[in-house]
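Only one structure is covered here, and it is reproduced in the block below.
By convention in this document, chain letters (A, B, ...) are assigned in the order of the sequence lines, proteins followed by strands, and residues within each chain are numbered from 1. Only this structure's heavy atoms are used, side chains among them; waters, hydrogens and symmetry mates stay out.
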Amino acid sequence: MKNFEIAFIFSDIADMLEIKGENFFKVRAYRKAAHVIGNLPADIQDIMKQAPLEEIEGIGRALSEKIQEILKTGTCRFYEELKKEFPRGLVEMLRIPGLGAKKIKVIYDTLRISSIDELEQAAKSHQLRVLPGMGVKTEETILKGIKMFKGEAGKTLLSTGLVVAEDMVAMLKTMTEIQNIEITGSLRRRKELIGDIDILASSDQPEDVIQGFLRLPRVNEVLAKGSTKASVRLDLGIQVDLRVVEPRSFHCALQYFTGSKDHNTKLRSIARKKGFKLNEYCIYEEQSGKAFYPDSEKKLYHYLEIPYIIPELREDRGEIEAAMEGRLPRVLEWEDIRGDLHVHTDWSDGISSIEAMADAAKALGYEYIAITDHSKSLKVARGLDEKRLKEQIDIIKKLNKEIEGIRILTGIEVDILSNEIMDFDDDILKELDVVVASIHTGFKQDRDKLTRRIISACENPHVDIIAHPTGRMLGKRDPYDIDLDLILKAAAETHTILEINSSPDRLDLNDIMANRAKEMGVKISIDTDAHEKEGLKDMRYGVWNARRAWLEKDDVLNTLPLDKLLKELSAR
DNA sequence: GCCGTTTTCGGCCCGACTGTTTTCAGTCG
């Protein structure tokens, strides 16, 4: 998969050209190309075989040649020349909030500072304040920015952000001056990690709303404030931006601030071609100057002759083109989910009993729940041995006779051991309704070995689902070093299902990988991996993730009613 | 650097806030 390498190089080139002070549109061309290539649905080398690279949007002759050079040599001369001119540290400096290309260039040209550590020293020793366009405040901003950059900025889990944002919105809602209020930004698009919380309100008295916002509890620091916009940092360290618009502009602003930036940029350029201008207040016709204030986001899109696009899809990954061509996915809905196929109980490392989990699943309206405790090798999780598993199966059989309205499926989360062998023999696995296989040990093995382990699980006829296939933990652990394309190929061939693990710190497969799985004909199961009954509610994170991956109902195993599910599982 | 059924040259998305200025450039989203 060379796509990411090329995207990385182009993005790097864009950064360096920006610092160099090159034509802004040239910079943008590289940045756009990086984005497009990074989001291609297939390997660029395969695409090249089908059609010339110039047919990809944003790729012209010059970039096409550079792509071919990179594919051939691993880099391109233009990139290497730039790298000699601009030390790596300058590109890193662009990531510091409050510091942009122009100031970096000034700092580099006058003081020859080329790393973040040197920059920090220079700011502390007051060398920056004498430079043109800079002052005492600039130094303070830069020092603060460095602190944020070195901290965990941009690393708030969706689940954390959502709770905090909903709390703040609830408090703001008590203000009578506010007419309408919504969470916007990446949070509304349900991204797995968010940088900050964006809230939009409409009111005829914006100043009062801003004042009320600044007085909210947990506000630790005011980063910026104006008459319609303010930014604060909460005690938790999360940044919250509030924007206030007049009521008639609410839906344009909602669309605008939901983003993504790339989605909006494309939307505005399309609007422009149709003779409209689009901003956060209204759509207006350029010729007549007539303004239109839609009273819903749907009407906004329709006004531009584009079918409505849900927030989760607004990443400029082809959704606008798909909408215009009438091929938007009919994405999965929460109501489509009929059960959970990966949960733990107090038999291994869970907290709730089998019955409690089943009751909770029933309360969610599910038809079934599979009990998949850990297998014997996972001692830390009190993994079940053959004897205890058989006991559990008997108990579940008995429970199924007593409980109405939900079917408890027998199952196991069987460890894929370091030697590629399953932790249970086939004659045990075949007795179970659902076999979930996953890796919990030997993460550090090399790429080939880890890839082979997962493929061997796919090839086992009794394994139904590969759980958390990449093993990543957001903000804590990188994915295992695996060749996902090979695994997807094996899964497609063996009809093995891959999981979207809904736990908000996993979301594994992620949106891009799940989309790739769909493209390759691999089915997905969305499960919570819940260890207590409340955890079953994490399903919503998995569903949002699936929507971001363009998944439809038919792409997801656990949208099947019980009889069809059992048939599908036994057909493997 | 890309793009084009008004254009192969001259466009390329748009506005708020901050800080350093003395009317605006830089940065951000």
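When rounded to the nearest whole Å, the span between CG of A:L17 and P of B:dC2 equals 12 Å. Distance A:D15 CG to B:dT27 P: 13 Å, rounded to the nearest Å. Taking atom CD1 on A:I142 and atom P on B:dT20, their separation rounds to 10 Å, with Å as the unit. Atom-to-atom, NZ of A:K266 to C1' of B:dC3 comes out at 13 Å; the value is rounded to the nearest Å. Atom CG of A:D241 is separated from atom C1' of B:dC28 by 9 Å (rounded to the nearest Å). The separation between A:R31 atom CZ and B:dC2 atom C1' is 16 Å, rounded to whole Å. The nearest whole Å value for the distance from the CZ atom in A:R28 to the P atom in B:dC2 is 13 Å. Between the CG atom of A:L94 and the C1' atom of B:dG26 there is a distance of 13 Å, given to the nearest Å.
Put simply, CD1 on A:I238 and OG1 on A:T160 are 6.5 Å apart, with the number rounded to the nearest 0.5 Å.
Nearer to the 5' terminus of DNA chain B, by closest-nucleotide assignment, is the contact made by A:K66 (compared with the other of A:K66 and A:A101). Summary of the strand contacts: A:G58 and A:S269 both lie near DNA chain B, and taking for each the nucleotide with the nearest heavy atom, the more 5' one is attributed to A:G58.
Spacing of P atoms, B:dC13 relative to B:dG4, comes out at 14 Å, to the nearest Å. Distance check on atom C1': B:dT8 versus B:dC2 gives 12 Å, rounded to whole Å. A gap of 25 Å separates the P atoms of B:dC12 and B:dC17, to the nearest Å. B:dG15 sits 26 Å from B:dT6 when the P atoms are compared, rounded to a whole Å. Only the P atoms considered, B:dT23 is 29 Å distant from B:dG29, to the nearest whole Å. Taking atom C1' in both B:dC3 and B:dT7, one finds a spacing of 10 Å when rounded to whole Å. When the C1' atom is used for both B:dT20 and B:dA25, the distance is 9 Å, rounded to whole Å. Atom C1' of B:dG10 sits at a distance of 29 Å from the matching atom of B:dA16, rounded to the whole Å.
The pair A:R314-A:E319 fails the salt-bridge criterion, with no side-chain N (NZ, NE, NH1 or NH2) lying under 4.0 Å from an Asp/Glu carboxylate O. Between A:R129 and A:E139, at least one side-chain N (NZ, or NE/NH1/NH2) sits under 4.0 Å from a carboxylate O, which counts as a salt bridge. For A:R243 and A:E280, the salt-bridge test passes: some basic side-chain N is under 4.0 Å from an acidic carboxylate O. With salt bridges taken as basic N to acidic carboxylate O contacts below 4.0 Å, one links A:E81 and A:K84.
Centroid-to-centroid, the aromatic rings of A:F292 and A:Y284 stay 6.0 Å apart or farther.
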message = For a quick check, with a 4.0 angstrom heavy-atom cut-off, what is the B/S/- contact string for nucleotides 14-19 of chain B, read 5' to 3'?
response = BSSSSS
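Of all heavy-atom pairs between A:I6 and A:I44, the closest is CD1-CG2, 4.0 Å.
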Taking only distance into account, with no hydrogens and no angle test, what donor-acceptor pairs under 3.5 Å do side-chain atoms of residues 49-73 of chain A form with protein atoms, sequence neighbours excluded?
unit_1, atom_1, unit_2, atom_2, d
A:K49, NZ, A:D46, OD1, 3.4
A:E57, OE1, A:K266, NZ, 3.0
A:E57, OE2, A:K32, NZ, 3.1
A:E57, OE2, A:K266, NZ, 3.2
A:S64, OG, A:Q68, NE2, 3.4
A:K66, NZ, A:Y30, OH, 3.3
A:E69, OE2, A:R77, N, 2.9
A:T73, OG1, A:E69, O, 2.9
A:T73, OG1, A:T75, N, 3.3
A:T73, OG1, A:T75, O, 2.6

Under 3.5 Å, which donor-acceptor pairs link side chains of residues 162-182 of chain A to any protein atom two or more places apart or in another chain?
unit_1, atom_1, unit_2, atom_2, d
A:D167, OD2, A:R218, NH1, 3.2
A:T174, OG1, A:M171, O, 2.6

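Contacts of A:I96 with the nucleic acid, taken as non-hydrogen atoms under 4.0 Å apart, involve only primed sugar atoms and P, OP1 or OP2. When heavy atoms are screened at a 4.0 angstrom cut-off, A:N264 is found touching no nucleic acid atom at all. At a threshold of 4.0 angstrom between heavy atoms, the contacts of A:P97 are confined to the sugar-phosphate backbone, with no base atom among them. A:I59 comes within 4.0 angstrom of the backbone, heavy atoms only, and of no base. Backbone-only engagement by A:K103 is indicated by non-hydrogen atom pairs under 4.0 Å involving sugar-phosphate atoms exclusively. When heavy atoms are screened at a 4.0 angstrom cut-off, A:Y30 is found touching the sugar-phosphate backbone but no base atom.
Remark: nothing in residues 161-172 of chain A comes within less than 4.0 Å of DNA chain B through any heavy atom.
Taking only side-chain nitrogens and oxygens, A:R61 never comes nearer than 4.0 Å to OP1 or OP2 of B:dC3.
In this structure A:R215 satisfies the side-chain hydrogen bond (donor to acceptor under 3.5 Å, both in side chains) test with no other residue, sequence neighbours excluded.
Annotation: salt bridge (charged side-chain N to carboxylate O under 4.0 Å, His left out) contacts involving residues 100-111 of chain A, sequence neighbours excluded, comprise A:K105-A:D109.
Searching all strands for a Watson-Crick or G-U wobble partner of B:dC28 with both distances below 3.5 Å returns B:dG15.
B:dT5 takes the anti form, because its glycosidic angle lies more than 90° either side of 0.
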